[in-house]
Amino acid sequence: MIRALTIGVAVLALIHSARAADDAGGGSGSGSGAPGTGSGAGSGSGSSGDDTTADCVHSPDPAQCLAGKADALPDFDKIRSPDSPAFTLLGVTPTQIDRPTTPKQIATSLSGFVSDGGVAIPKNLAVEFWPYWLFSHPTLTAGQYQDRSRAAQFVENITISIGTANSTRTTSDMASHTDANLAIGARTLVNLSAQPVIPCKQSDYDQLVAAAKASMLTDAPDAQSIIQQLQVAHLDQQVYRDKLDVDRKNHDSDAVSIDEQRLGDDAKIIATLEGQLKTPKGKLNAGIASQLDKLCTDGSQEARQGFVAEFAVASSELFLDSEVSDHHYGDTAAWTTIAWESPGWSVMALGRYLTGKVIGADRNRFVDTGARLIRSKDTYALSVELLGRFPIDTPSGSTLESTYRVDMAVDYHVQDNTWLTLSFGKDFSQSTASSFFSLANLKIGLGDPKLKPPSQAASK
Amino acid sequence: MGKMISDVKSSLCRPKPTDQVSAKATIGNGQPGGWAMKLAGNVIASGTEPTEVALGTGAALDGKTLEISATMKAVNPQASRLSLRADLATAAGALDGSPITIDDPAQVGDSAGYSIIVFFQAAP
């Protein structure tokens, strides 16, 4: 515990001093540790931030490249994982009470690509996806999105997560075995009273409309001839569409073939002309781009103030020696988190039902209850969490007693999209010697820190 | 600074001469934006929410060009898309060639300026 705290404080001090030096030198913050456009989740080294996974995109063997980077990480970096239900159940998240959040469309951790291949369960896989947003919704307006009913939110906000984590087991012959836990989870989020803190202002909408009027393509002199050619192409296409109908009725296969050829040619011409129109449209847009950049930047639809509720379920399967053929039902949990969110403070309460089993033993059932307090500032967030675990159905002869977990976590903004998350505390284990834990991670280029709401973090 | 996406699509619609034609622009995927319609050189409507705009009869529209221009910004981090959809309809239903949709992937902070151009020809 003390060693982990020392490491954490040292890393924070190092990063803080490096950032201060960067600021003093007028640095733009565009260092190599800010890939910015990377997708998914990943980890990097605690001090330099230049060991990013983005390098692997250009590698001839990305999987091998990622595996090498994972191997190079300090141990405390490897246990970083998304706070999806699957990983909460696996017990590898830095905290147990997760901030209700609307996760990204698809989040895939770095380690999700580091797989043994074959039939073995992949190591440290972490995938979360949002079925509703896998598809475009061209008729869903911003107003409709914000005014969705709670029932609609419950359905549309469902995310599915899949994760794996490894554990070590020692058998009676003192042999060590590495088992794999595979968990599947789902969660959804409902705004009970929360509202966007600062949505787009009416003046923003007015400017968007004005920009639409100012970028009319039919007003652009260099678009006129292309639009005329486009009209001719559409009319020609219509002629052959009508002719095709007639020729089909007459069963004139030769004529049909010619008509289809002409329709195809016209379609290509139309696509080409539409492509050419992007140039004058782009010029018009260039004139309004800087203006649009300033709009709707004071808030986000994710920003909320008030009560939100998250509902989650997850279940895991244990694969002995990571073999697919030797699997056993693991843990199952269902929980609800009620939170009061504001830009600076968040208070959360958790209720969770958990049923778990140790190989060769009977199934235990528990209820967890607890609370978490988060204080968010511009460059950091602090969290304190206390959870009680109460056995409600233990096998006969069992001596399980109530236990508790207490932890403190900190998010620290390093630069750009780089956040460091550290967590320290006492786990549920009844053995005092083994119950102290520490989890730490440097998250690079991945957008969301653990504690701060994404909307606040994004404004950094 | 987000990137600016430019895209253009076009279509030919052939309403019956006596049909009353309307158009509706929808900025989708839960993203904020504004739109404007210009028919035969005149701005006839603008707004942010989808609104049915009466364009006139098929006969009156024959040979005319409608442009629906829209600008929008990606602020909804879940959607990761920007889109504009144009619906053209008569009392009998949607016209052939409608709806016309432009749909592009986008990141939060990106903006888009789209134009949908509709050419009218009265149906025989």
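Letters go in sequence order (proteins before strands), and every chain restarts at 1. Worth saying up front: this structure is predicted, and the values here are computed from it rather than measured. As a basis for the values below, the full set of heavy atoms in this structure was taken, side chains included, without hydrogen atoms, waters or symmetry mates.
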For chain A, which candidate among B:Ser11, B:Pro50, B:Gly41 shows the most heavy-atom pairs at distances under 4.5 Å? B:Ser11
Calculate, to the nearest 0.5 Å, the distance between atoms CD1 and CD belonging to A:Ile227 and B:Glu67 respectively. 6.5 Å
Pair A:Arg241 + B:Asp96, salt bridge at N-O below 4.0 Å: no
Shortest non-hydrogen separation from A:Gly282 to B:Ser6 and the atoms involved: CA-OG, 3.4 Å
Any donor-acceptor pair under 3.5 Å linking the side chain of A:Lys278 with the backbone of B:Val8? no
If I take atom CG from residue B:Asn42 and atom OG1 from residue A:Thr218, how far apart are they, to the nearest 0.5 angstrom? 10.0 Å
Once rounded to the nearest 0.5 Å, what's the spacing between atom CG of A:Leu284 and atom CE of B:Met4? 9.5 Å
Quick check on B:Ser10 against chain A: is it the side chain, the backbone, both or neither that has a heavy atom closer than 4.5 Å? both
Would you indicate whether A:Lys243, at its atom NZ, is surrounded by more than 12 heavy atoms from other residues, nucleotides or ligands within a distance under 6.0 Å? yes
Once rounded to the nearest 0.5 Å, what's the spacing between atom CG of A:Asn285 and atom OG of B:Ser69? 7.5 Å
Are A:Asp242 and B:Arg14 close enough that some pair of their side-chain heavy atoms sits under 4.5 Å apart? yes
Show, in sequence, the C-alpha distance, side-chain angles and deciding distance for B:Ser115 and A:Lys281, and conclude whether the side-chain hydrogen bond (donor to acceptor under 3.5 Å, both in side chains) test is met. CA-CA 8 Å; B:Ser115 278; A:Lys281 185 67 182 178; 2.8 Å; yes
Are any non-hydrogen side-chain atoms of A:Thr139 and B:Asp87 less than 4.5 angstrom apart? no
Given the options A:Ile270, A:Leu235, A:Ile288, which has more heavy-atom pairs under 4.5 Å with chain B than any of the others? A:Leu235
Do you know which of A:Gln231, A:Gln237, A:Lys213, A:Gln144 has the most heavy-atom pairs under 4.5 Å to chain B? A:Gln231
So OH of B:Tyr114 and CG of A:Leu217: to nearest 0.5 Å the spacing works out to 14.5 Å
Under 4.5 Å from any heavy atom of chain A, what part of B:Ile102 do you find: side chain, backbone, both or neither? neither
For B:Glu52, look at atom CD and say whether over 12 heavy atoms of other residues, nucleotides or ligands are found less than 6.0 Å away. yes
Nearest-0.5 Å distance, CH2 of residue A:Trp133 to CG of residue B:Asn29: 5.0 Å
With a 4.0 Å cut-off on N to O distance, would you call A:Asp204 and B:Lys73 a salt bridge? no
